[in-house]
There are 2 protein chains.
Amino acid sequence: MPYTVGELAKQTGVTIRTLHHYDELGLVSPTGRSAAGYRLYDDGDVLRLQQVLFYRDLGFPLDEIAAVLDDPSFDRAAALRDQRAELASRRARVDGMIAAIDRALVSLERGAPLDDLPSLFDGFDPAVYADEALARWGQTPEFAESARRTKTYGKAEWEAIKRESDAIYRALAALMQAGAAPDDPRVRAAVEDHRDHITRWFYPCSRELHRGLGALYVNDPRFTANIDRIAPGLARYLCEAFAAA
Amino acid sequence: MPYTVGELAKQTGVTIRTLHHYDELGLVSPTGRSAAGYRLYDDGDVLRLQQVLFYRDLGFPLDEIAAVLDDPSFDRAAALRDQRAELASRRARVDGMIAAIDRALVSLERGAPLDDLPSLFDGFDPAVYADEALARWGQTPEFAESARRTKTYGKAEWEAIKRESDAIYRALAALMQAGAAPDDPRVRAAVEDHRDHITRWFYPCSRELHRGLGALYVNDPRFTANIDRIAPGLARYLCEAFAAA
DNA sequence: GCTTGACCCTCCCGTCGCGTGAGGCTGGAG
DNA sequence: CTCCAGCCTCACGCGACGGGAGGGTCAAGC
């Protein structure tokens, strides 16, 4: 005894529109049609639908569900593990947003009237930059200029600096992950962006100074950890890229 | 010194397309245009963009961002708390999916060849139903019929039963939350669906028996908790609705 | 003065999983 | 024969852009 869309919808808790959708995708197509064109689902179709809904409830996209179900040789366990990893990273992103909201709420309570203060450098205090510079470059004129200029920066500037550097790092991380060599022209361009960023915000940065900065990124675990948070191995890659420019 | 789209994109790490998008939404519109029609963003526009990106990174939808930024009297703290709650429920959903995947992986490892076994009743063993029925209805013929029939049910059937009952409960929860009275005709229809569901899967369920079931839902904390997981207060509402039918 | 290449513009279709109609047949009950 | 519930096929809409087509603009080098 075959089911019509309405009956099947009631049984499975999906809407009729969803059944239509799955039919036009070829994901769950009724075996038969009545003379008037009504969709008629038999028991096999119902089973198929339940399998689809099983994977859907696990967050799989519909095209992957089709792939899993239509290929008996598909490695289900691997698919589940992949999906688990995907969900885990989704959860991590949500956790990050929640943490950022909590930080914003705290600083709001502390009386900061602007709620756009940027929960800056999340966890990486700009003061660390200053300490680093002091320890390494001591009394160099570059440090003096940087200190003089950064002293005048407010929240807006630090926000801008962080966004800009993040953008550059992300671009370089993407190139790294795409397998671009450190002397690839696109990498060189991004490296120049970074040097320009340092020059505009901190001090005039020569290529030589820039190479030194690259060395710092791999030799100081605090810098390494912070940079590698964007992408594992990025600090080392930056060091090589800065040297190749 | 105003910025063009490309310059601003580099500074902020967004794409040019995103800037176009925000412009056509009126979310961040450049103050000026060059003679040739190029968008020219001044410092105020940049600030505005950074505020938008701040909220975007917290997961706010763009229309809410516009509302927050365009209304100075907007309660930012409340908006942040609301968004936090939204993210928390998103996180809970992802957690549920991950837990379901883990259960599926475990049963796959245990050698179950079908990966569509449904991680049934997540945490609510069907055996509980049996125990309940035994304690309450002892030797009634209804229990006998139910026991005889459910004995033959396999995974597929239990899956179907759960889906069907979930669908009915969700429909009733929606009606409850919409403020429908327990004797509302739509509620009556859904109640009949539920009674029919019991009759088809377990035992012939008269209206009287159904009322008894409703009482069980509020008097037994296990049932209450399980049902209220779908929506708080649903168990009580069901009891009233079953009585009003 | 002209070409080149990098930049900019405005449409406009595609994504993903359906929701939500519009406009029109069909099937069983009264 | 008439109702009304239920079915059908389009087809647009959402959210936040991605990406490309087709075409103007700007600074630099020849």
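Proteins get letters first, then strands, A, B, ... in listed order; numbering begins at 1 in each. If you're wondering where the values come from, they're calculated on a predicted model, not measured in any experiment.
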So, does A:R188 use its side chain to make a donor-acceptor pair with the main chain of A:D183 at under 3.5 Å?
yes

Is there a donor-acceptor pair under 3.5 Å between the side chain of B:Q51 and the backbone N or O of B:L69?
no

Quick one: A:Y41 OH to D:dG6 C1', roughly how many Å, whole number?
14 Å

Worked check of side-chain contact (heavy atoms from CB on, under 4.5 Å) between B:Y41 and B:L49
CA-CA 10 Å; B:Y41 295 85; B:L49 174 61; over 6 Å; no

What protein N or O atoms touch nucleotides 15-21 of chain C N or O atoms at under 3.5 angstrom, if any, and at what distances?
| residue | atom | partner | partner atom | Å |
| --- | --- | --- | --- | --- |
| C:dG17 | OP1 | A:L62 | N | 3.2 |
| C:dC18 | OP1 | A:R56 | NH1 | 3.3 |
| C:dC18 | OP2 | A:Y22 | OH | 2.8 |
| C:dG19 | OP2 | A:T15 | OG1 | 2.7 |
| C:dG19 | N7 | A:R17 | NE | 3.4 |
| C:dG19 | O6 | A:R17 | NH2 | 3.2 |
| C:dT20 | O4 | A:R17 | NE | 2.9 |

Send over the distance from B:L8 CG to C:dC7 C1', rounded to a whole Å.
15 Å

Is it true that a side-chain atom of A:Q83 and a backbone atom of A:G59 form a donor plus acceptor pair closer than 3.5 Å?
yes

Between A:D23 and A:R33 (salt bridge meaning N to carboxylate O under 4.0 Å), is one present in this structure?
yes

Is B:S34 touching bases, backbone alone, or none of the nucleic acid, heavy atoms closer than 4.0 Å?
nothing

To the nearest angstrom, how far is A:L19 atom CG from D:dG6 atom P?
15 Å

Would you tell me if any nitrogen or oxygen in the side chain of B:H20 comes within less than 4.0 Å of OP1 or OP2 on D:dC17?
no

Side chain A:D45, main chain A:T31, donor-acceptor under 3.5 Å
yes

Close approaches to DNA chain D from residues 81-96 of chain B, in residue order (heavy atom, under 4.0 Å):
none

Can you check whether B:L27's main-chain N or O pairs, donor with acceptor, with B:R48's side chain at less than 3.5 Å?
yes

Does A:E240 use its side chain to pair, donor to acceptor, with the backbone of A:Y237 at less than 3.5 Å?
no

Would you state whether a donor and an acceptor, one from the side chain of A:Y38 and one from the base of D:dG6, lie under 3.5 Å apart?
yes

